[in-house]
Every structure is written in structure tokens, then in C-alpha cells.
**Student:** 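Attaching a single structure in C-alpha cells format; questions to follow.
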Protein chains: 2
Amino acid sequence: MDDMKHDPSNDSSGDAIEAYVLDEQIGYALRKANQRHMTIFGEKMLDGLTPTQFSALFRLVESPGPQSQNALGRSVAMDAATIKGVVNRLEARGLVMSRKDEVDRRRYVIEATAKGRELIKAAMPVMAEITEATMAPLTIAERRTILRLLAKLS
Amino acid sequence: MDDMKHDPSNDSSGDAIEAYVLDEQIGYALRKANQRHMTIFGEKMLDGLTPTQFSALFRLVESPGPQSQNALGRSVAMDAATIKGVVNRLEARGLVMSRKDEVDRRRYVIEATAKGRELIKAAMPVMAEITEATMAPLTIAERRTILRLLAKLS
DNA sequence: GGGAATACATTTGTATACTAATGAAAAGTG
DNA sequence: CACTTTTCATTAGTATACAAATGTATTCCC
């Protein structure tokens, strides 16, 4: 009888440490996949642009008009504190400009500069390379599948 | 002829800004899925244990003997600088202990305390909840698939 | 045995990322 | 119109994450 206490197969609730494989947990797997992608991104992207910086700048370049800082943040899934730092660094590098909104005086209006637009343009084929390198271990069908499943998780 | 310059369908190289959908990029999708998972984790996990802290502490609890700090880091995919901070915070909370290795005097040996082991034990059913909440949008088959594909990307 | 290469740990610096608190401006409501 | 709520932006604090530089200890190998 004493044996049962240490036999994981008797623990039907599944909360035994022995049965838990860290590498097969969704959070751990997401973190590691993201880690590898960011390494590839860092190796290939132009001018040391980071993934977040690329996302924010891309959104500014593709969108019709300028946007407020917070609105830009929401459109790339960054909170106010995070997007502030990103915009600051983009601005320090001359890729975006910000100015006070004259109508709504709480707001800052953020806009891509010509330099920022050109960098995004030049980065497009690089992004294709980054995607290819990241997705290389997957078949074409698997690439579609993982994007579909990740979208469901968001 | 002038029209062709602005028609994205003529750009067979696929590097036109218009054809690039940020939300469908692997990096962006990974970041957002990870973000949602970490929110769920933060809402449910005991004692404010973070995902990284949980991983490191879990590894210590499940492994037979104590480990050096760097070895522990490697086993949970964290570099030396990152694992140092994680171990410091775990130690400050009395969940792990570290001591100089008497054989190899470069090393610090890290070990889970009784308190750390009990926390991991108590966290196991919580992890099951976190996994369930994170995976909720997926069918059982899709859950298996995404874990398999994420593993391939790592 | 001794020099080169490697491994361990730390520190500094930069970049996300989120919480919570604050203050100012705008919007909504009775 | 006055009051409440919301929105915008900033700041401080905490926690990953990685690169690069440093110093010490160990291992490799001739």
C-alpha cells in the first residue's frame, strides 16, 4: 500500500511533478520558439532594428495618416509605457517624428520620416528572409497551420 | 504604364509594403500568443511566481542533484546574465539556496529549499489550469499540433 | 608542467514588457 | 453646466533577455 503514494500512475489528477515535462508546456515552447526567431531577426535585420521597433515603424509607414502614441501602441500590442520607449528610440534615430496634436492637447502625433519609410522599404526583402529562416524547419502546410493556430491563441 | 508602379500585383518579389500583413508574420504571432499566455500565467500562478522563475525552480526540484548556476540556466534556455537575476530573486524569497562548490571553485551550486519544493508541488494543479486556459481556443488535436510545430521551430 | 583554450560567474548597458501612480485634457451624463 | 469617467502621456519600479567585457578557475594538449 505504501507503494501507491509514490506511483505517479495513481495520480489521476495529473499534477505529479514526475508527469510534468517542461519542454512540452505551451508557455515554454512559445518562449523558446520566440527566442530562436529573435536571434534570427537580430542576425539579419538592417541597422539593428529590433522586432518591436520594426513592428511600430512598419505600422506607421503602412497607415494612411499619423497616429497618436497610444493608438500606435495598441495597433501593435504594446502598452503605453512600452510604446513610449520604442518611439523614443525610433525618434532618437531619426526614423519617426512626434509633435503635439493641436486639436487634442493630450496627444502626441507620431509620423514616420522619409528615412523611416526608406528603411521599412529596404527591410521588406529582409523580412522575407527572416520568415524563411524561421520557418525553415516546417513544410509549407505546417507554416500555414502554425500561423492559424497561433492566431487562435491570441 | 504609370499605373504599374503602384500596382502591388506586379511585384512578384513579394517585398511590397502593401502585401505585407504584420499580424500574419510568425514573429508577431509568436509575440502576441506569448503575451496572452503570460497574462493568464500572471493571473493564476501562486505567490507572483513568474514563468521564468517557475521554469528554473521546477527544473531544480525535478532534477536529482543540485546544479551549477550556468548549467541550470542552459537547462531552461537562459543565458548566464539572465539566470543570475532569476536565481537572485528566488534566493531572496527563500525558494532556493546557493553555495560555493568545494570541488570546482568557479561554481555556485544551486538547490531548491523545502519551501521551493512545496511551492512547485502546490503549483502543479495551477499549471494545469494555466495550460487549459491558454489552450482553450484550440481543439485537442490542435493542441498536440501546435506543440509539435513549436518544438520544430526551437 | 605550462601555455592556450574553455568554462564559470559577474557587471554594465540596452531593449522589451507590465503594473501602478500621477496629472492633464477631453468626453459623457444627468 | 458641473461632475464623473475616460483617455493620453509620463514616470518609477520590477522582471526578463541578450551582448560585451572582465576576472578567476579549470581543462586540454603539446
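The structure presented is a predicted model; accordingly, all values stated were derived computationally and were not measured.
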**Student:** Figure out the CE/P separation between A/M78 and C/dT19, and round it to whole Å.
**Tutor:** 16 Å
**Student:** Nearest nucleotide by nearest heavy atom, which residue falls closer to the 5' end of DNA chain C, B/T39 or B/A71?
**Tutor:**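 So the residue in question is B/A71.
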**Student:** Would you say the side chains of B/T39 and B/E43 form a donor-acceptor pair under 3.5 Å?
**Tutor:** no
**Student:** Would you say a side-chain N or O of A/T50 is under 4.0 Å from OP1 or OP2 of C/dT16?
**Tutor:**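 Yes, within the criterion.
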**Student:** For A/D79, is there an ion pair with A/K84 - N to carboxylate O distance below 4.0 angstrom?
**Tutor:**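 Between A/D79 and A/K84 there is no salt bridge, as every charged N stays at least 4.0 Å from the carboxylate O atoms.
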**Student:** To the nearest Å, how far apart are B/N70 CG and D/dA25 C1'?
**Tutor:**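 My rounded result for the distance is 13 Å.
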**Student:** Compare side-chain N and O positions of B/R105 against OP1 and OP2 of C/dA9 and report whether any pair is under 4.0 Å apart.
**Tutor:**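 No, no such contact exists.
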**Student:** Should the pair B/E132-B/R143 be classified as a salt bridge under the 4.0 Å nitrogen-to-oxygen rule?
**Tutor:** yes
**Student:** Could you tell me which residues satisfy side chain to side chain contact (heavy atoms under 4.5 Å, CB included) with B/R89, sequence neighbours excluded, listed by chain and number?
**Tutor:** B/Q53, B/V86
**Student:** Strictly distance-based, threshold 3.5 Å: is any side-chain N or O of B/E142 a donor or acceptor partner for the main-chain N or O of B/T139?
**Tutor:**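 It does hold such a pair.
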**Student:** Tell me: CZ of B/F41 to P of C/dA17, nearest whole Å?
**Tutor:** 18 Å
**Student:** Side-chain heavy atoms under 4.5 angstrom apart, residues restricted to Ile, Leu, Val, Met, Phe, Trp, Tyr: same cluster for A/V61 and A/L49?
**Tutor:** yes
**Student:** Between the base of D/dT26 and the side chain of B/R106, is there a donor and acceptor pair under 3.5 angstrom?
**Tutor:** no
**Student:** Mapping A/Q69 and A/Q35 to their closest nucleotides on DNA chain D, which lands nearer the 5' end?
**Tutor:**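 Checking each residue's closest nucleotide, the 5'-ward one belongs to A/Q69.
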**Student:** Atom NE2 of A/H37 to atom C1' of C/dT16: distance rounded to whole Å?
**Tutor:**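 That distance rounds to 14 Å.
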**Student:** Between A/R74 and D/dT7, is there a contact of a side-chain N or O with OP1 or OP2 at under 4.0 Å?
**Tutor:** no
**Student:** Measuring to OP1 and OP2 of C/dA15, would you say a side-chain N or O of A/T52 lies under 4.0 angstrom away?
**Tutor:** no
**Student:** Nearest to the side chain of A/A81, which nucleotide is it out of D/dT11, C/dA9, D/dT16?
**Tutor:**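 For A/A81, the side-chain atoms sit closest to D/dT11.
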**Student:** Roughly how many Å is it from CD1 in B/I40 to P in C/dC18, rounded to a whole number?
**Tutor:** 13 Å
**Student:** Scan A/V103 against the nucleic acid and name what it touches under 4.0 Å (heavy atoms): base, sugar-phosphate only, or nothing.
**Tutor:**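 Counting heavy atoms under 4.0 Å across all strands, the contact made by A/V103 is with sugar-phosphate only.
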**Student:** When the nearest nucleotide of DNA chain D is assigned to B/R93 and to A/D104 on a heavy-atom basis, which residue is associated with the more 5' position?
**Tutor:** A/D104
**Student:** Donor-acceptor pairs under 3.5 angstrom involving side-chain atoms of residues 115-129 of chain B: please list them, not counting sequence neighbours.
**Tutor:**
unit_1 : atom_1 : unit_2 : atom_2 : d
B/K115 : NZ     : B/R93  : O      : 2.9
B/R117 : NH1    : B/A112 : O      : 3.3

**Student:** When you check the phosphate oxygens OP1 and OP2 of D/dA9, does a side-chain N or O of A/K84 lie under 4.0 Å from one of them?
**Tutor:** no
**Student:** Hey, quick one: are A/I40 and A/L138 part of the same hydrophobic cluster, counting side-chain heavy atoms closer than 4.5 Å, chains of contacts allowed?
**Tutor:**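 Cluster IDs for A/I40 and A/L138 differ.
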**Student:** Distance check needed: D/dT16 C1' versus B/I83 CD1, whole Å only.
**Tutor:** 11 Å
**Student:** Taking only the side-chain heavy atoms of A/V86 (C-beta and beyond), determine which of D/dA17, C/dT16, C/dC8 contains the nearest atom.
**Tutor:**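 Selected nucleotide: C/dT16.
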**Student:** With each end axis built from five pairs of C1' atoms, what bend angle do you get for the helix from C/dG1-D/dC30 to C/dG30-D/dC1? Round to 10°.
**Tutor:** 30°
**Student:** How many whole angstroms separate atom CZ of B/R107 from atom C1' of D/dA25?
**Tutor:**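 Checked: the CZ to C1' distance equals 11 Å.
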**Student:** Choosing from C/dC18, D/dA19, C/dT16, which nucleotide comes nearest the side chain of A/Q53?
**Tutor:** C/dT16
**Student:** Rounded to whole angstrom units, what separation is found between the CG atom of B/N88 and the P atom of D/dT14?
**Tutor:** 14 Å
